[in-house]
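Below, chain A is the first sequence line, B the second, and so on; all start at residue 1.
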Protein chains: 2
Amino acid sequence: MPAAWVRLLRAHAALTRRMDANLRNVHGLTLSDYEVLVQLANADDRCLSRVDLAERILLSQSGITRLLEGLERVGLVERASCTTDRRVVYARLTEAGQARCLEAAETHLEDVRRAFFDRFSEDELRSLAELLGRLPQQAREADGQ
Amino acid sequence: MPAAWVRLLRAHAALTRRMDANLRNVHGLTLSDYEVLVQLANADDRCLSRVDLAERILLSQSGITRLLEGLERVGLVERASCTTDRRVVYARLTEAGQARCLEAAETHLEDVRRAFFDRFSEDELRSLAELLGRLPQQAREADGQ
DNA sequence: CTCGTATACTTGAGTCTGCAAGCAGTCTAG
DNA sequence: CTAGACTGCTTGCAGACTCAAGTATACGAG
């Protein structure tokens, strides 16, 4: 029987491919694009700094810069400066971004439903989440080496 | 509480980064490189076709071709032709490849131990593996849509 | 105030990967 | 036997991501 680690690798590859392909085809968004939109949609003022974003979706800072470039170009996100620290450049979700995020969520949540809710009971889902939560969730050492 | 899906994404990102970095630093191998070596080491005759390899480590065929280019260049893997079907080009683990795979395994298994065995009991590990195994494990539709 | 260090972000260069197209070998229907 | 479909592999191109270096701003010690 393949070990948990191998299955995690495969499940990740299989799921992200499927979900990314669906988001692309239906909404013209990458899975990463979508993750950024969701993070912003859930943030205070729909506004987050590059650094925060990088931490939340586990991407390097330069990755975030370039990802946002694309989203800014198509008007889903806009730049906003911080009044108290001029180094930070907020990424703010626009109205269009909010709308697109909601549309894409339908597709994505349907994928998540098929992948998770259709295969597990509520208890199983809770326990899967609990177990996965014990694995490292951050790139940097701090959280559990 | 973050859902299972989010935790899976993060755990994957955190773990692969850590493990990939270790393999690179200590042995000059990518995590993908290592996975290929392991698959070959476990295969009959230490020999596998490109297609088989692609399926096993969930990479596209072109990805495999280029990955093997690198491993061939440094002599860890060699090409071998198939007597019954001249389309297939086997990738065969060399002695050097076998040796390198064993060395790298030490580093990698230590990482796996820290990430998994130190955090879960045997029962928990079994149940994590079982739950993960119910998620799609293949890119193509067939296995569970 | 100012120098040194730390932080937020951007940019350049390079790597890894996938998709689509192409080539070569295989198989099947007629 | 042969035309057409299929399979295994490689290649051109483009995209997404990282690392390292660079710029601008902030902040603490003296």
Side-chain angles (χ1 to χ4, degrees), chain A residues 9 12-25 28-36 47-74 77-92 139-140, chain B residues 9 12-14 16-25 28-36 47-74 77-92 138-140:
Chain A
L9 278 178
H12 176 269
L15 288 173
T16 54
R17 255 172 232 210
R18 200 167 292 180
M19 293 180 180
D20 189 72
N22 282 341
L23 284 173
R24 268 176 210 272
N25 295 337
L29 292 173
T30 310
L31 186 53
S32 296
D33 289 337
Y34 176 72
E35 289 188 272
V36 166
C47 216
L48 239 33
S49 75
R50 260 78 172 146
V51 170
D52 282 353
L53 232 24
E55 258 171 33
R56 296 189 192 206
I57 69 175
L58 244 29
L59 226 55
S60 67
Q61 277 192 30
S62 52
I64 291 290
T65 291
R66 288 181 234 262
L67 192 47
L68 288 174
E69 260 171 43
L71 295 173
E72 285 160 13
R73 200 164 37 239
V74 297
V77 162
E78 61 191 7
R79 297 170 150 257
S81 47
C82 173
T83 53
T84 63
D85 184 340
R86 282 184 304 177
R87 287 172 306 179
V88 350
V89 182
Y90 286 124
R92 182 162 54 209
R140 286 244 131 274
Chain B
L9 278 178
H12 176 270
T16 54
R17 260 171 226 218
R18 202 167 291 180
M19 294 179 180
D20 188 72
N22 282 340
L23 285 173
R24 269 176 209 270
N25 295 338
L29 292 174
T30 308
L31 186 52
S32 296
D33 289 337
Y34 175 73
E35 289 188 271
V36 165
C47 216
L48 239 33
S49 76
R50 260 80 171 144
V51 169
D52 282 354
L53 230 25
E55 258 170 33
R56 297 190 191 205
I57 70 175
L58 243 31
L59 225 55
S60 67
Q61 278 192 28
S62 55
I64 291 289
T65 292
R66 289 181 234 261
L67 195 46
L68 288 174
E69 259 171 43
L71 294 173
E72 285 160 13
R73 199 163 41 238
V74 296
V77 163
E78 62 192 5
R79 297 171 150 257
S81 46
C82 172
T83 53
T84 63
D85 184 339
R86 283 184 301 176
R87 287 171 305 179
V88 350
V89 183
Y90 287 124
R92 182 162 53 210
Q138 293 294 326
R140 285 247 132 273

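Remark: B:Thr65, B:Arg66 in residues 63-74 of chain B come within less than 4.0 Å of DNA chain D through at least one heavy atom.
Side-chain nitrogen and oxygen atoms of A:Arg24 include none within less than 4.0 Å of the OP1 or OP2 phosphate oxygen of C:dC19. The phosphate of D:dA16 has OP1 or OP2 within less than 4.0 Å of a side-chain N or O from A:Thr30. For the pair A:Arg50 and C:dT7, the criterion of a side-chain N or O lying under 4.0 Å from OP1 or OP2 is not met. Taking side-chain N and O atoms only, B:Ser62 has no distance below 4.0 Å to OP1 or OP2 of D:dC9. Taking 4.0 angstrom as the limit, A:Arg86 places a side-chain polar atom (N or O) nearer than this to OP1 or OP2 of D:dA26.
Atom CG in A:Asp20 sits about 13 Å away from atom C1' in D:dC17, given to the nearest Å. Rounded to whole Å, atom C1' of C:dG18 lies 13 Å from atom CG of B:Leu58. Residue B:His12 contributes atom NE2, which lies 13 Å from atom P of D:dC17 at whole-angstrom precision. Nucleotide D:dC17 holds its C1' atom 14 Å from the CG atom of A:Leu31, rounded to whole Å. Note: CG (A:Asp33) to P (D:dA16) measures 7 Å, nearest angstrom. The distance between atom CE of A:Met19 and atom C1' of C:dG18, rounded to the nearest whole Å, is 19 Å.
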> Which is it for A:Leu67 and A:Ile57 under the side-chain contact (heavy atoms from CB on, under 4.5 Å) test, yes or no, and what are the steps along the way?
Replying inline: CA-CA 12 Å; A:Leu67 192 47; A:Ile57 69 175; 4.3 Å; yes
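Of the two residues contacting DNA chain D, namely A:Asp85 and B:Val88, the nearest-nucleotide position lying further toward the 5' end is that of B:Val88. Of the two residues near DNA chain C, A:Gln61 and B:Leu59, the one whose nearest nucleotide lies more 5' is A:Gln61.
The minimum heavy-atom distance linking A:Ala91 with A:Leu53 is given by the pair CB-CD2, 4.1 Å. The shortest heavy-atom contact between A:Val89 and A:Arg79 is CG1-NH1, 3.3 Å.
In this structure, the side chain of B:Ser49 engages the main chain of B:Asp52 through a donor-acceptor pair within 3.5 Å. Between the side chain of A:Arg17 and the main chain of B:Leu58, a donor-acceptor pair closer than 3.5 Å is present. Of the possible polar contacts, one joining the A:Asn25 side chain to the A:Ala21 backbone as a donor-acceptor pair under 3.5 Å is found.
No hydrogens or angles were tested; on distance alone, a donor-acceptor pair under 3.5 Å links the side chain of B:Arg87 to the base of D:dT7.
Residues passing the side-chain hydrogen bond (donor to acceptor under 3.5 Å, both in side chains) test with B:Ser62 are B:Ser60, sequence neighbours excluded.
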